[in-house]
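All values below come from the heavy atoms of this structure, side chains included, with hydrogens, waters and symmetry mates left out. The model shown is predicted, which means the values in this text are computed figures rather than measured ones. Residue numbers start at 1 and run along the sequence shown.
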Amino acid sequence: MAEAYFPVGPGLGMEENFLSLDDILMSQEKLPGRAETALPRLALLLGQGVGSAESIPEGSKLEIPLWLAKGLYDSKRRIISVELPKIYREAWRTIFSADANVVDLHKMGPYYYGFGSQLLNFENPENPEIAQSILQTFVARFRRIMDSSQNAYNEDTSALVARLDELERALFQVGQKGLNDFQCWEKGQASQITASSLVQNYGKRKLAEVDG
């Protein structure tokens, strides 16, 4: 019997995958911003009006869903300006640099890596520092995540994943599946060990790039 839905992985870097439920949810995350010009008929959509025909005045502070911010943003026309969410600002980047493992990423934003990568679509002088901080945070947390996934066999892992963002939770699950598959193989309950879907999908992408 075929599955009703085959999970689709999120996009990489600044690109979104519009077939991915994770990317759809991530695009609903809101950005602080400012209307640089009057925005007609957007007041109701952004929760700032009671009538669909109301406009947002120039200079208004906004909380804009990522998908709408990307559609409105134009560095030449100056329709809206976008501010950095606090977790990507210098003060928080310093905390991540000191010890990234102490931060509850799920509480601060369940799509820390994906959302942070999308911020690079907006012109900001801090973009190089943001990109470097995201990469360093991932590297610093990766080993502990995989070590935890490999040392929790037949245990309640809810406490281990509670502080992880959605990408990290997916990696944790991959590690858990690999551990469970190995245990089954070691006990003679499986005929062979197969590559994880994460590795297989990465291989397919590399082949597509070569063919292209």
Side-chain angles (χ1 to χ4, degrees), residues 7-36 46 61-75 78-149 160-175 198 201-202 205-206 209:
V8 177
L12 297 175
M14 296 166 62
E15 299 296 325
E16 292 178 81
N17 186 336
F18 293 103
L19 297 178
S20 167
L21 290 179
D22 280 327
D23 275 358
I24 292 172
L25 292 172
M26 182 265 292
S27 71
Q28 299 294 326
E29 295 286 311
K30 293 185 177 180
L31 277 169
R34 180 178 182 273
E36 300 296 339
L46 296 177
K61 291 186 176 181
L62 305 171
E63 289 287 331
I64 321 169
L66 173 64
W67 63 268
L68 182 58
K70 289 176 66 176
L72 292 175
Y73 184 78
D74 188 321
S75 59
R78 298 287 293 175
I79 299 173
I80 62 168
S81 58
V82 171
E83 300 173 9
L84 288 178
K86 65 178 182 179
I87 195 172
Y88 301 100
R89 296 175 188 171
E90 184 178 3
W92 274 98
R93 296 200 302 267
T94 301
I95 294 173
F96 282 118
S97 178
D99 188 355
N101 287 293
V102 304
V103 182
D104 185 341
L105 276 191
H106 201 267
K107 181 179 179 181
M108 299 302 297
Y111 297 97
Y112 169 76
Y113 299 106
F115 193 68
S117 298
Q118 289 295 311
L119 293 179
L120 304 179
N121 285 294
F122 306 98
E123 292 184 3
N124 189 302
E126 297 182 53
N127 277 355
E129 289 78 13
I130 295 170
Q132 185 68 16
S133 178
I134 292 172
L135 177 60
Q136 290 177 343
T137 298
F138 179 79
V139 171
R141 291 168 63 97
F142 177 79
R143 182 171 181 175
R144 178 175 290 187
I145 292 168
M146 298 313 292
D147 283 349
S148 297
S149 72
L160 294 175
V161 302
R163 297 165 61 86
L164 307 182
D165 105 313
E166 292 300 323
L167 173 61
E168 293 175 336
R169 290 184 176 190
L171 289 172
F172 185 91
Q173 291 171 359
V174 169
L198 194 67
N201 289 336
Y202 178 77
R205 287 183 182 177
K206 297 301 290 184
E209 291 174 3

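- The side chain to side chain donor-acceptor pair (under 3.5 Å) pairs that include a residue from residues 79-98 are Glu36-Ser81, Arg93-Glu126, where partners are two or more places apart or lie in different chains.
- Rounding to the nearest 0.5 Å gives a distance of 4.0 Å between CG of Leu84 and CD1 of Ile130.
- For the pair Gln132/Pro128, no side-chain contact is recorded, criterion being any heavy-atom separation below 4.5 Å from C-beta on.
- Among all heavy-atom pairs drawn from Ser75 and Glu123, the shortest one is OG-OE2, 3.4 Å.
- To the nearest 0.5 Å, atoms CG (Asp22) and CG (Asp165) are separated by 9.5 Å.
- Considering all non-hydrogen atoms of both residues, Ala140 and Asn101 come closest at O-ND2, 3.5 Å.
- Distance CZ/Arg169 to NE2/His106: 3.5 Å, rounded to 0.5 Å.
- Between atom CD1 of residue Ile80 and atom CZ of residue Arg34 there is a gap of 12.0 Å, rounded to the nearest 0.5 Å.
- Here the side chains of Asn124 and Val82 are not in contact, with every heavy-atom distance at 4.5 Å or above.
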Practice problem: Begin with the C-alpha distance, continue with both residues' side-chain angles, and end with the deciding distance and a verdict on side chain to side chain contact (heavy atoms under 4.5 Å, CB included) for Leu31 and Leu119. | Solution: CA-CA 9 Å; Leu31 277 169; Leu119 293 179; 3.3 Å; yes
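- Checked against side-chain contact (heavy atoms from CB on, under 4.5 Å), Arg163 has the following partners two or more places apart in sequence or in another chain: Asp104.
- The ring-ring contact (aromatic ring centres under 6.0 Å, His included) test applied to Phe115 returns no partner, not counting sequence neighbours.
- Screening Arg141, Arg144, Gln173 for a side chain to side chain contact (heavy atoms under 4.5 Å, CB included) with Glu168, the sole residue that qualifies is Arg141.
- Here the NZ atom belonging to Lys107 is positioned 12.5 Å from the CG atom belonging to Leu105, to the nearest 0.5 angstrom.
- In this structure a side-chain-to-backbone donor-acceptor pair under 3.5 Å is present from Asn127 to Phe122.
- Counting heavy atoms from C-beta outward, Tyr112 and Ile134 have side chains that approach closer than 4.5 Å.
- For the ring-ring contact (aromatic ring centres under 6.0 Å, His included) test, residues two or more places apart in sequence or in another chain that qualify with Phe138 are Tyr113, Phe142.
- Across all their heavy atoms, Leu120 and Ala131 have their closest contact at CD1-CB, 4.0 Å.
- Between Met26 and Glu166, every side-chain heavy-atom pair lies at or beyond the 4.5 Å cut-off.
- With sequence neighbours left out, Glu29 forms a salt bridge (Lys or Arg N to Asp or Glu O under 4.0 Å) with no residue at all.
- At a threshold of 4.5 Å between non-hydrogen side-chain atoms, the residues Pro32 and Pro85 count as touching.
- A distance of 11.0 Å separates CG of Asp147 from CZ of Phe172, quoted to the nearest 0.5 Å.
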